[in-house]
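Every value quoted in this text rests on a predicted model; they were computed, and no experiment measured them.
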Amino acid sequence: MSKLLTKLILRDFDITIFQTPSFKQRKGYRPIYRMTLKGESHEDCLQSVFSTFNVPDRMPSDFNGRFITTGDIVYIDEGLRGQNYYQLLPGGWKLINRIHIR
């Protein structure tokens, strides 16, 4: 029996976190933090963002936002491969149109 070995292909993703000035607002999203992450997929990056920005010891020292909570938006820019916006909802991350960012 042979095992199929898969090689992890990590790509660079340009990530921007958008939050409103106050929790539970629906308008007024502002970019609060931008970084580059290495990951296999968008889901991998979203998990990494969530786990990094919800543990105080993991947060970067220059991060001035609050914890990632329901309603926050993560923008993933892959350059020529496309741009995607994901909003954290009670059921998990959902792909949204950029029109929702105001």
Side-chain angles (χ1 to χ4, degrees):
M1 186 169 147
S2 65
K3 291 184 179 181
L4 177 63
L5 298 176
T6 58
K7 193 184 245 188
L8 295 177
I9 299 173
L10 299 178
R11 298 185 313 214
D12 287 331
F13 293 95
D14 184 21
I15 307 290
T16 304
I17 299 171
F18 288 85
Q19 289 183 334
T20 56
S22 298
F23 179 64
K24 289 200 175 189
Q25 287 182 331
R26 293 183 177 201
K27 294 183 181 178
Y29 283 96
R30 299 181 302 198
I32 58 159
Y33 196 73
R34 186 175 178 185
M35 65 182 176
T36 301
L37 277 179
K38 287 194 179 292
E40 296 177 46
S41 63
H42 288 194
E43 293 78 21
D44 186 34
C45 289
L46 293 169
Q47 178 62 36
S48 182
V49 166
F50 186 80
S51 64
T52 299
F53 293 95
N54 275 323
V55 177
D57 292 339
R58 291 184 181 179
M59 287 186 188
S61 60
D62 59 341
F63 179 69
N64 293 323
R66 58 181 185 275
F67 292 113
I68 297 291
T69 58
T70 303
D72 291 345
I73 295 174
V74 173
Y75 167 64
I76 300 177
D77 185 6
E78 293 185 82
L80 297 175
R81 291 185 178 169
Q83 303 167 345
N84 295 289
Y85 293 86
Y86 293 90
Q87 186 171 30
L88 183 58
L89 298 174
W93 294 100
K94 180 182 177 192
L95 184 64
I96 62 169
N97 293 324
R98 72 173 225 192
I99 197 95
H100 289 110
I101 295 178
R102 299 178 188 164

A.B. asks: Of all the heavy-atom pairs spanning Pro21 and Gly28, show the shortest one and how long it is.
C.D. replies: CD-O, 3.4 Å
A.B. asks: Answer with yes or no whether the hydrophobic clustering places Ile96 together with Ile76; edges join I, L, V, M, F, W, Y residues whose side-chain heavy atoms lie under 4.5 Å apart.
C.D. replies: no
A.B. asks: Check whether any side-chain heavy atom of Ile68 sits under 4.5 Å from a side-chain heavy atom of Gln19, and report yes or no.
C.D. replies: yes
A.B. asks: Examine Leu88 and Ile73 and state if one hydrophobic cluster contains both, with Ile, Leu, Val, Met, Phe, Trp and Tyr joined whenever side-chain heavy atoms are less than 4.5 Å apart.
C.D. replies: no
A.B. asks: Roughly how far, to the nearest 0.5 Å, is the OG atom of Ser41 from the CD1 atom of Ile9?
C.D. replies: 11.5 Å
A.B. asks: Taking all atoms of both residues into account, what is the closest heavy-atom pair of Thr20 and Lys27, and its distance?
C.D. replies: CG2-O, 3.6 Å
A.B. asks: List for me each residue that meets ring pair (Phe, Tyr, Trp, His ring centres under 6.0 Å) alongside Phe50, sequence neighbours excluded, and say none if there are none.
C.D. replies: none
A.B. asks: Can you name the residues that form a salt bridge (charged side-chain N to carboxylate O under 4.0 Å, His left out) with Asp14, not counting sequence neighbours?
C.D. replies: Arg34
A.B. asks: For the backbone of Val49 and the side chain of Thr52, can you confirm whether one donor and one acceptor N or O come within less than 3.5 Å of each other?
C.D. replies: no
A.B. asks: Could you give the distance from CD1 (Ile15) to OH (Tyr86), rounded to the nearest 0.5 Å?
C.D. replies: 9.5 Å
A.B. asks: Same hydrophobic cluster for Leu37 and Leu95, using side-chain heavy-atom links shorter than 4.5 Å among ILVMFWY?
C.D. replies: yes
A.B. asks: Please list all pairs passing the salt bridge (Lys or Arg N to Asp or Glu O under 4.0 Å) test where one or both residues lie in residues 57-66, with sequence neighbours left out.
C.D. replies: Arg66-Asp72
A.B. asks: Residues in salt bridge (charged side-chain N to carboxylate O under 4.0 Å, His left out) with Glu40, at least two apart?
C.D. replies: none
A.B. asks: Which heavy atom of Ile32 sits nearest to which heavy atom of Gly65, and what is that distance?
C.D. replies: CD1-CA, 3.8 Å
A.B. asks: Considering all heavy atoms of both residues, which atom of Phe13 and which atom of Gly39 are nearest to each other, and what is their separation?
C.D. replies: CE1-O, 3.3 Å
A.B. asks: Could I get the full list of salt bridge (charged side-chain N to carboxylate O under 4.0 Å, His left out) partners for Asp12, not counting sequence neighbours?
C.D. replies: Lys38
A.B. asks: Tell me, please, which residues at least two apart from Phe53 pass ring pair (Phe, Tyr, Trp, His ring centres under 6.0 Å).
C.D. replies: Tyr33, Phe63
A.B. asks: Given the rule that I, L, V, M, F, W and Y join up when any side-chain heavy atoms are under 4.5 Å apart, are Ile17 and Phe67 in one cluster?
C.D. replies: yes
